[in-house]
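Contents: one structure, followed by commentary.
Chain letters run A, B, ... following the sequence lines, proteins first, then strands; residues in each count from 1.
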Protein chains: 2
Amino acid sequence: MYCVFCQIIAGHLGAEIVLNEAHFMAFLDARPVFKGHVLLVPKAHVETLPDLPGELRDGFVDAAQRLSTAMVAGLGAEGSFVAINNTVSQSVPHLHQHVVPRTRGDGLRGFFWPRTKYDIGEAVGYADKLRSVLA
Amino acid sequence: MYCVFCQIIAGHLGAEIVLNEAHFMAFLDARPVFKGHVLLVPKAHVETLPDLPGELRDGFVDAAQRLSTAMVAGLGAEGSFVAINNTVSQSVPHLHQHVVPRTRGDGLRGFFWPRTKYDIGEAVGYADKLRSVLA
């Protein structure tokens with residue numbers, strides 16, 4: 001199956017690569033939320049976060065930490081936004097973590113807006129459903 | 001310093017806890033983007049993702065993987081959104097990873113909108129700045 005990220009990893013498609021290590025690569029998103037927005041991908045083709053093999057978990061966070069720091073140290077951002085879409089809103093079915101530079105007043109304050117609220121007694125039902133599969 | 005998440009972890013503030021393990025806790029966000037939205041936190045008070053100690057990286061992803069799966073298995077979601085705000089838009093200065101259930105057509109398609117684009121020759125400058133601090 002054709003995967004645009006596997007093509008970048010294989011060197012068959014161009015990208016501005018900022019990190020290239022044994023198991024991970026990070027490159028600029030061609031259509032950034034803010035300039036400097038990168039995508040961190042495992043070189044192995046896995047589709048979503050739950051599919052990431054256990055032996056890659058530590059390195060995945062280590063790279064995300066360094067990229068988050070680089071947004072501040074390299075681009076002068078005040079912070080970063082780090083996000084994964086699993087399945088829904090996932091444009092490429094190859095796990096990718098967005099690392100986006102953030103600055104106060106950049107207009108993304110509404111990222112988690114709008115919020116909703118639970119009716120009285122409703123939250124426990126949601127928690128119970130989650131607890132039942134997490135136990 | 002008073003930290004609302006440390007108070008929840010200590011049992012001094014109530015929350016609907018869905019995961020409670022040696023180093024991590026996850027509980028419902030009281031003002032969810034979608035019902036079932038949880039916050040995964042390390043029990044140790046660290047402020048941002050780059051501050052997470054190396055020995056907690058593997059467990060942090062392991063818990064996020066299980067929570068992502070639980071959104072589908074427990075709540076019938078089609079996918080999930082997993083995100084961290086570092087510093088900017090970070091309402092509580094204790095590292096927390098949002099895990100939000102997602103369903104197609106739920107109205108969050110615009111999460112990464114609007115996008116911008118690089119002028120010709122501009123992307124390499126951003127990549128160079130990131131490469132210079134990542135090397």
Side-chain angles (χ1 to χ4, degrees), chain A residues 16-19 28 30-36 38 48-50 52 54 57-58 60-62 64-70 73-75 78-90 98 102-104 106 108-109 111-112 115-118 122-124 126-127 129-134, chain B residues 16-19 28 30-36 38 48-50 52 54 57-58 60-62 64-70 73-75 78-90 98 102-104 106 108-109 111-112 115-118 122-124 126-127 129-134:
Chain A
E16 283 294 345
I17 296 165
V18 302
L19 182 149
L28 294 187
R31 295 178 55 248
V33 173
F34 295 116
K35 291 171 183 177
V38 304
T48 66
L49 182 61
L52 186 71
R57 291 193 294 236
D58 176 74
F60 191 56
V61 176
D62 176 54
Q65 290 180 309
R66 287 180 283 135
L67 290 166
S68 297
T69 297
L75 301 181
E78 295 175 71
S80 59
F81 179 68
V82 177
I84 297 168
N85 290 302
N86 290 310
T87 310
V88 179
S89 297
Q90 184 177 3
H98 300 263
R102 291 293 315 274
T103 304
R104 289 186 178 84
D106 62 17
L108 280 197
R109 288 188 61 176
F111 239 57
F112 283 105
R115 300 285 189 128
T116 185
K117 58 181 179 177
Y118 293 101
E122 189 182 33
V124 65
Y126 280 86
K129 285 179 186 174
L130 291 170
R131 285 188 282 255
S132 72
V133 294
L134 286 163
Chain B
E16 283 295 345
I17 296 165
V18 302
L19 183 149
L28 294 188
R31 294 176 58 247
V33 172
F34 295 117
K35 292 171 183 177
V38 303
T48 67
L49 182 61
L52 186 72
R57 290 194 295 238
D58 177 73
F60 191 58
V61 176
D62 177 55
Q65 289 179 310
R66 287 180 285 135
L67 290 166
S68 298
T69 298
L75 301 181
E78 294 175 74
S80 58
F81 180 67
V82 177
I84 297 167
N85 291 301
N86 289 310
T87 311
V88 179
S89 297
Q90 184 177 2
H98 300 262
R102 291 292 317 273
T103 304
R104 288 186 179 83
D106 61 18
L108 282 198
R109 286 188 63 177
F111 239 55
F112 285 105
R115 300 286 189 128
T116 184
K117 59 181 178 178
Y118 293 100
E122 189 182 31
V124 64
Y126 280 85
K129 285 179 186 173
L130 290 170
R131 286 188 282 254
S132 72
V133 294
L134 286 163

With a 4.5 angstrom heavy-atom cut-off, is it the side chain or the backbone of T103(A) that approaches chain B, or both, or neither?
backbone
I need the residue from S68(A), A73(A), A127(A) with the largest number of non-hydrogen atom pairs under 4.5 Å to chain B.
A127(A)
Hey, is the main chain of I17(A) close enough, under 3.5 Å, to the side chain of R131(B) for a donor-acceptor pair?
yes
Side chains of N86(B) and R102(A), heavy atoms from C-beta outward: is any pair under 4.5 Å?
no
What heavy-atom pair brings G54(A) and D58(B) nearest, and what distance separates the two atoms?
O-OD1, 3.6 Å
Could you tell me which non-hydrogen atom of G36(B) sits nearest to which non-hydrogen atom of Y126(A), and how far apart they are?
N-CD2, 3.8 Å
Contact class of L28(A) relative to chain B, heavy atoms under 4.5 angstrom:
side chain
Counting only non-hydrogen atoms closer than 4.5 Å, does E122(A) touch chain B with its backbone (N, CA, C, O), its side chain (CB onward), both, or neither?
side chain
Counting only heavy atoms closer than 4.5 Å, note whether S80(A) contacts chain B via side chain, backbone, both or neither.
both
Bottom line for A30(A): the part with an atom under 4.5 Å from chain B's heavy atoms is backbone
Ranked by heavy-atom pairs below 4.5 Å to chain A, first place among K129(B), R66(B), E16(B) goes to E16(B)
Distance col, row F81(A):CZ vs Q90(B):CD, nearest 0.5 angstrom, shows 12.0 Å
Search all heavy atoms of A70(A) against all heavy atoms of V133(B) and return the closest pair with its distance.
CB-CG2, 3.5 Å
Which of these, V38(B), L67(B), L19(B), sits in a side-chain contact (heavy atoms from CB on, under 4.5 Å) with L130(A)?
V38(B)
What part of L52(A) lies closer than 4.5 angstrom to a heavy atom of chain B: side chain, backbone, both or neither?
both
Look only at the side chain of R115(B) and the backbone of F34(A), and say whether a donor-acceptor pair between them is shorter than 3.5 Å.
no
Scored by heavy-atom pairs under 4.5 Å with chain B, the best of T87(A), V61(A), T69(A) is V61(A)
Distance-only polar pair, side chains of R31(A) and T116(B), donor-acceptor under 3.5 Å
no
Here the pair of heavy atoms bringing V88(B) nearest to G79(A) is CG2-N, 3.8 Å
Which atoms form the tightest heavy-atom contact between K117(B) and K35(A), and what is the distance?
O-CE, 3.4 Å
